[in-house]
Every structure is written in structure tokens, then in C-alpha cells.
There are 2 protein chains.
Amino acid sequence: MIKLSKLTDYAVVILAAMAGQEGGLASASSLSAATSLPEPTVSKTLKLLVRGGVITSTRGVNGGYALHCAPDKILVSTIITAMEGPISLTSCVEGSDDSCAMEGTCQLHGRWDVVNMAIKTALDNVTLADMLSRSCVKIPSFMEENVRL
Amino acid sequence: MIKLSKLTDYAVVILAAMAGQEGGLASASSLSAATSLPEPTVSKTLKLLVRGGVITSTRGVNGGYALHCAPDKILVSTIITAMEGPISLTSCVEGSDDSCAMEGTCQLHGRWDVVNMAIKTALDNVTLADMLSRSCVKIPSFMEENVRL
DNA sequence: TAAAATGGTACCAAAAACGTACGGTATATA
DNA sequence: TATATACCGTACGTTTTTGGTACCATTTTA
């Protein structure tokens, strides 16, 4: 089904809430209230986003989270990578620890990188802002020209 | 991890074997021998590829499988769709049976379609032939021009 | 009629995802 | 300095998905 995890979906919902509120830090609990998502889940999601560099965190009283940069500067690929790890479609390419089981016979070892790069490029060209724009009138950046890919 | 299932990986390996052998039909058992993959797995994979229209099948004695068209006409998106179902990243958009749990609060219901389309477009521009070309000199079709996506 | 080959379905074990909980650490304020 | 707030890291049990296999039905040729 080539689908993303629910956590990634939540991430965008949460980021949308953060982008919506003007200024200041947002705590995990306030974002939980804003999104109607359970607090532990929100917290878990935020931690991953911090680790991925999508948002920043401030500890202590009055602490919270904030977008690391403007929504139109946050790439969807960055969000997905933060939530799901590196974007690579097959186990052949992801890690070097266990080499492909059919090393000898597999005639296209690593050729998935062609596809991986295509997807990576596609995701690099969609920003959080593209996803947030409610009016369907706006044309996402990747459709502005008559590009083939 | 946004990764494909192993079956999809096997599919490409099998398709490579089919593209490699000149003419005639290939049976599941012969493809099993050619790829060193267990026969039941090969069989299962082939069934899905037939259903997806990637290959054709002939029943009965001397039957077997054949590519539906030339490798450079077979899109990676077609292969992936055959093996994993429709390409849509989140459950929000895939089926209409269970509507999004946070219908009211989710402010970007369906906005993943922007990303889905980007990925679909990317996969539509890579063919099986692109993946099979062993010489790294060949430039995949989607890289021929200076496209942004 | 028998053999070869695909078609469809069902099942079990393994792996991954989901949701949650718990203890730790940093920081502002009283 | 004490305390409350809020992030940080890890771990655990349940549920879902995937992976691999088996079984029987159907089709076609010799």
C-alpha cells in the first residue's frame, strides 16, 4: 500500500496547529487540546520532529515547541524522514549490515536507487505550506511548470 | 520507513528474469530456478502481477507468463500498484469506508493528495527498463532534462 | 484421461506499528 | 532553594500487517 505511518499523519496535523497559532511556544498538552489527539501520542510525535530538526524545543517552565522555520521552508521529505527514517524503498539499500540475501543472483542489486531518487526529489519539492493551503486554488510549487517528473 | 514490501522487490527481480530470457513463456517453476526464490513465493508474485496487468498468463500445459509489453513501457508505478495496491500515503484518502477519525478537527483532510500526486508522477516516469540497465552510464528518463521534480 | 500449469483462498508465524506508561532532566518562579 | 512545569528517553504489551506456505480448483495440451 506504500503508506505512511499514522504518526506521520499526526505530525502534519500537529505542525498545522503550530503554524496556525501566532507566535510563542506551544506545549505538548496545548497541542493535544488543539488537535484532539491523545497527549502521549502528541508528545511522541513532537520528540521525533525535534530529533529530525523540523521543530525546536525549549525545556522547563513556559517551555514548548516551535517551528524551526517558516512552513514554506519545511520540506515534506524532512517531515517524513524525521518520522520514518531515511527514505529508501527496499531493504537492499537501507542498511549495510545484512547484505542482500541473493547477492549473487539478484541482477539489479541497488537499482532501486533510481526510484528512491525520484521519490526523494518529488518530496523535496512539496513544502508544509503546500499542504496547509486550504484553498484548492493555490498551485503547489511542483506543479508550477510543465515538468515531467 | 516508507519502504516497499519484499514481494514488490521480488517482483522486479522476477520481471528482470523474464526480460532477460528471449521469447516464449516462462513458468513459475522456471522463474523460481532462475531467481533462486522459493517457488510458492514466485507464484504468488506472478499472480499479483497478472492481476495488475503487468504480465499476461497462459494456462494449461506449456503455459506460463510473459511481459505484457516491452520493459521500457512498463512503469514502476504500475508494478508497485499491482503489488501493493493504490499509491496513497495515508488512510485518509485511500478508502471511503472509514472516514477520518478527526473529521472535524483535522484541518487538512485530504491534503496529502498533493504529496500523493507528486510521488505518483515520480513513479510514472521510471520504467522497468530504467531499473534493469546494468551500466550506470545510462541516464534514466526522468533525469534526461533539468527537471525540478 | 492424465499431466502441466495457472487461479484463488486460507492459514500460521514473524515482524512492525500503535498506543501508553514510567522515570529522568532542565528551567522558571516563588 | 524548593517546586511545579514541561521536555527527554526508553520500554512494554497489544494490535495490525507482512511473509511464507499449503491446498484445491480450473484450464489446456498430448
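So that the names make sense, note that chain A is the first sequence line, chain B the second, and so on, each numbered from 1.
Comparing B:Ala28 and A:Leu7 along DNA chain C, the residue whose closest nucleotide (by nearest heavy atom) sits nearer the 5' end is B:Ala28. Toward the 5′ end of DNA chain D lies the nearest nucleotide of A:Lys44, the other residue of the pair A:Lys44 and B:Lys44 mapping further downstream. Across the interface with DNA chain C, nearest-nucleotide mapping of B:Asn62 and A:Glu39 shows B:Asn62 to be the residue nearer the 5′ end.
A donor and an acceptor atom, one from each side chain of A:Thr127 and A:Asp72, are nowhere located under 3.5 Å apart. Side-chain N/O atoms of B:Thr81 and B:Thr78 include no donor and acceptor closer than 3.5 Å.
Atom CD1 in B:Ile55 sits about 13 Å away from atom C1' in C:dA5, given to the nearest Å. What separates CG of B:Leu48 from P of C:dT9 is a distance of 12 Å, to the nearest Å. Rounded to whole angstrom, the span from the CG atom of A:Leu37 across to the P atom of C:dT20 amounts to 10 Å. Rounded to whole angstrom, the span from the NZ atom of A:Lys47 across to the P atom of D:dT10 amounts to 10 Å. With rounding to whole Å, A:Lys3 atom NZ is found 15 Å from C:dA16 atom P. Spacing between atom CD of A:Glu84 and atom C1' of C:dC18 amounts to 13 Å, rounded to whole angstrom units. C:dA28 atom P lies 11 Å from atom CG of A:Leu25, rounded to whole Å. When rounded to the nearest whole Å, the span between CG of B:Leu46 and C1' of C:dG7 equals 12 Å.
The A:Thr41 side chain lies nearest to C:dG19 when the options are C:dG19, C:dA28, D:dG20. With distances taken from any side-chain atom of B:Lys6 to the nucleotides C:dT20, D:dG20, D:dA4, the minimum falls on D:dG20. Checking C:dT6, C:dA3, D:dA4 against every side-chain atom of B:Ser27, the shortest atom distance belongs to C:dT6.
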Take A:Met18 and A:Ile14 through the test side chain to side chain contact (heavy atoms under 4.5 Å, CB included) and record every step on the way to the result. CA-CA 6 Å; A:Met18 295 178 69; A:Ile14 293 170; 4.2 Å; yes
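At a threshold of 4.0 angstrom between heavy atoms, the contacts of B:Thr58 are confined to the sugar-phosphate backbone, with no base atom among them.
For D:dC8, one of the phosphate oxygens OP1 or OP2 lies less than 4.0 angstrom from a side-chain nitrogen or oxygen of A:Ser57. At D:dC8, one or more side-chain N or O atoms of A:Tyr65 fall inside 4.0 Å of OP1 or OP2 (strictly under the cut-off). Applying the 4.0 Å criterion to OP1 and OP2 of C:dG19, one finds that A:Tyr10 has a side-chain N or O inside that range.
Residue side chain B:Arg59 does not reach the base of D:dT28 through any donor-acceptor N/O pair under 3.5 Å, judged by distance alone.
Between the side chain of B:Asn125 and the backbone N or O of B:Ala122, no donor-acceptor pair lies under 3.5 Å.
Residues A:Asp9 and A:Leu4 have side chains not in contact (no heavy-atom distance under 4.5 Å, counting atoms from C-beta outward).
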